[in-house]
There are 2 protein chains.
Amino acid sequence: MESVLEKLNRFKLRNTEIRREILTLFLETEYALSHQYIEKKLSTKFDRVTLYRTLKSFEENGLIHRIANDTDTIEYALCKDDCHEQNHKHNDNHAHFRCEKCLKTYCLEHVGIPDLHIPNGFKAQEFQLLVSGVCAKCNQV
Amino acid sequence: MESVLEKLNRFKLRNTEIRREILTLFLETEYALSHQYIEKKLSTKFDRVTLYRTLKSFEENGLIHRIANDTDTIEYALCKDDCHEQNHKHNDNHAHFRCEKCLKTYCLEHVGIPDLHIPNGFKAQEFQLLVSGVCAKCNQV
DNA sequence: CTGTGTGCAAACACTTTGCAGGTGT
DNA sequence: ACACCTGCAAAGTGTTTGCACACAG
């Protein structure tokens, strides 16, 4: 498993405290993270503006990417190794699951996105499949 | 084709000017609409707050629904007749295409969402498939 | 040493709420 | 007549920008 420092280095990001902490949080967490969630987790340790800029630089350097949802908050997830970059767009070739109870978005690593028949003329570059419902944990209760 | 007035009536929404105009706009437009887009189209004719409330009531009454994307703006589309309501969630069983050039989101009516094998424990209620790339119109140029 | 990252303050943009008056049914 | 809708004002929340200083490489 690649370490936090190796990962920062590979993506040409300077090794600073906030970056180490945010990246660690991403590596430890099994669901997608929003700005607000990260802010709460790191308590008031860092300035909110710095967090905005950190997420932006992570995204621009291809370390994380946004996951589509139908709410008004953006959620980010770490790019996996199979996340091929094409003109700054990402192909996460698996589905995501959003639980309506706990509001967390999980990667369904083993649910691939099937081949689709896109109409003539359209050039498809990226596919995102979002499933919503109730997750395994919330379903037990 | 159901008229604007019939549609408002069927969804138990009062027949007011702003509602007629917004609904007409949805019916005329082949792509999904954001708050901002609607506001520009109707110029300064209505208060922004009223627009927020109108979209909210349209959504709550099942006339429109949100389409997932990975930007920070919410986009709405008219619910089709095959958009079955289940606990206030919608099943639009076709994909959407977001063009990275013109930034419009189209319904791909004939691209259905295939059956998926969701992991045990997860209860899937809604599926959204978002394809992005370049649309047929922008591709011509 | 140099260029980048951070924190603070302020500006800016977006969304919600309360209330008074108007309108649809 | 009544409930609901609209517009205005204001509050609340989220995001961006400018600048001075600190720090990584």
Side-chain angles (χ1 to χ4, degrees), chain A residues 3-26 32-76 103, chain B residues 3-26 32-76 103:
Chain A
S3 77
V4 169
L5 265 56
E6 286 166 347
K7 220 174 171 73
L8 283 177
N9 191 49
R10 181 156 69 90
F11 285 92
K12 300 193 175 22
L13 288 160
R14 285 194 177 176
N15 167 23
T16 68
E17 193 185 0
I18 188 175
R19 291 181 176 178
R20 285 194 302 274
E21 295 216 13
I22 294 180
L23 181 49
T24 303
L25 190 59
F26 270 107
L33 305 179
S34 65
H35 175 107
Q36 208 181 23
Y37 180 91
I38 299 172
E39 204 176 333
K40 274 183 197 149
K41 273 288 175 185
L42 304 183
S43 77
T44 51
K45 204 164 182 179
F46 299 104
D47 192 279
R48 158 179 278 167
V49 174
T50 305
L51 179 48
Y52 278 112
R53 293 197 263 226
T54 303
L55 289 175
K56 197 178 174 200
S57 70
F58 276 17
E59 191 186 4
E60 285 171 354
N61 289 41
L63 214 167
I64 59 175
H65 65 274
R66 296 171 178 215
I67 294 182
N69 69 22
D70 53 10
T71 73
D72 49 4
T73 34
I74 297 171
E75 289 186 329
Y76 298 93
L103 301 180
Chain B
S3 78
V4 169
L5 266 57
E6 286 166 346
K7 220 173 172 70
L8 282 177
N9 191 50
R10 182 157 68 90
F11 286 92
K12 300 192 176 21
L13 288 160
R14 285 193 178 176
N15 168 22
T16 68
E17 194 186 359
I18 189 174
R19 291 182 177 178
R20 286 194 301 275
E21 294 215 14
I22 294 179
L23 181 49
T24 303
L25 191 58
F26 271 107
L33 305 178
S34 65
H35 175 107
Q36 208 182 23
Y37 181 91
I38 298 172
E39 203 176 332
K40 273 182 198 151
K41 273 288 175 185
L42 303 184
S43 77
T44 51
K45 204 165 184 179
F46 299 104
D47 191 279
R48 158 179 279 165
V49 174
T50 306
L51 178 49
Y52 278 111
R53 293 197 263 226
T54 304
L55 289 175
K56 196 178 174 199
S57 70
F58 276 17
E59 191 185 4
E60 285 172 353
N61 290 42
L63 214 168
I64 59 175
H65 65 274
R66 296 172 177 214
I67 295 182
N69 69 22
D70 53 10
T71 73
D72 48 4
T73 34
I74 297 172
E75 289 186 328
Y76 298 93
L103 300 179

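Atoms considered below: every heavy atom in the structure, side chains included; atoms not considered: hydrogens, waters and symmetry mates. Letters A, B, ... mirror the listed sequences (proteins, then strands); counts begin at 1.
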What pairs with A/R48 under salt bridge (Lys or Arg N to Asp or Glu O under 4.0 Å), at least two apart in sequence or on another chain?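 Per chain and number, A/R48 pairs via salt bridge (Lys or Arg N to Asp or Glu O under 4.0 Å) with A/E39.
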According to salt bridge (Lys or Arg N to Asp or Glu O under 4.0 Å), who are the partners of B/R66, at least two apart in sequence or on a separate chain?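 Partners of B/R66 by the salt bridge (Lys or Arg N to Asp or Glu O under 4.0 Å) criterion, ordered by chain and then number, come out as B/E59.
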Could you list the residues that satisfy side chain to side chain donor-acceptor pair (under 3.5 Å) with [X], not counting sequence neighbours?
X	result
B/N15	B/R20
B/T71	B/N69, B/T73
B/R53	none
B/K45	B/E21

For A/T50, enumerate each residue passing the side-chain contact (heavy atoms from CB on, under 4.5 Å) test, keeping only those at least two apart in sequence or located in another chain.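 By the side-chain contact (heavy atoms from CB on, under 4.5 Å) rule, A/T50 matches A/I18, A/D47, A/T54.
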Under the side-chain contact (heavy atoms from CB on, under 4.5 Å) test, which residues partner B/N9, sequence neighbours left out? none
Please enumerate all protein N or O atoms sitting under 3.5 Å from an N or O of nucleotides 5-9 of chain D, with distances to 0.1 Å.
residue : atom : partner : partner atom : Å
D/dC5   : OP1  : B/R19   : NH1          : 3.0
D/dC5   : OP1  : B/R19   : NH2          : 3.0
D/dC5   : O5'  : B/R19   : NH2          : 3.4
D/dT6   : OP1  : B/T16   : OG1          : 2.8
D/dG7   : OP2  : B/D47   : N            : 3.4
D/dG7   : OP2  : B/T50   : OG1          : 2.8
D/dG7   : N7   : B/R53   : NH2          : 3.3
D/dG7   : O6   : B/R53   : NH2          : 2.6

Nucleic acid contacts of residues 32-39 of chain B, taken as heavy-atom distances under 4.0 Å to DNA chain D: none
Excluding sequence neighbours, so at least two apart, what forms ring-ring contact (aromatic ring centres under 6.0 Å, His included) with A/Y37?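 Partners of A/Y37 under the ring-ring contact (aromatic ring centres under 6.0 Å, His included) test: A/Y31.
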Please report the end-to-end axis angle for the helix from C/dC1-D/dG25 to C/dT25-D/dA1, five pairs per end, rounded to 10 degrees. 50°
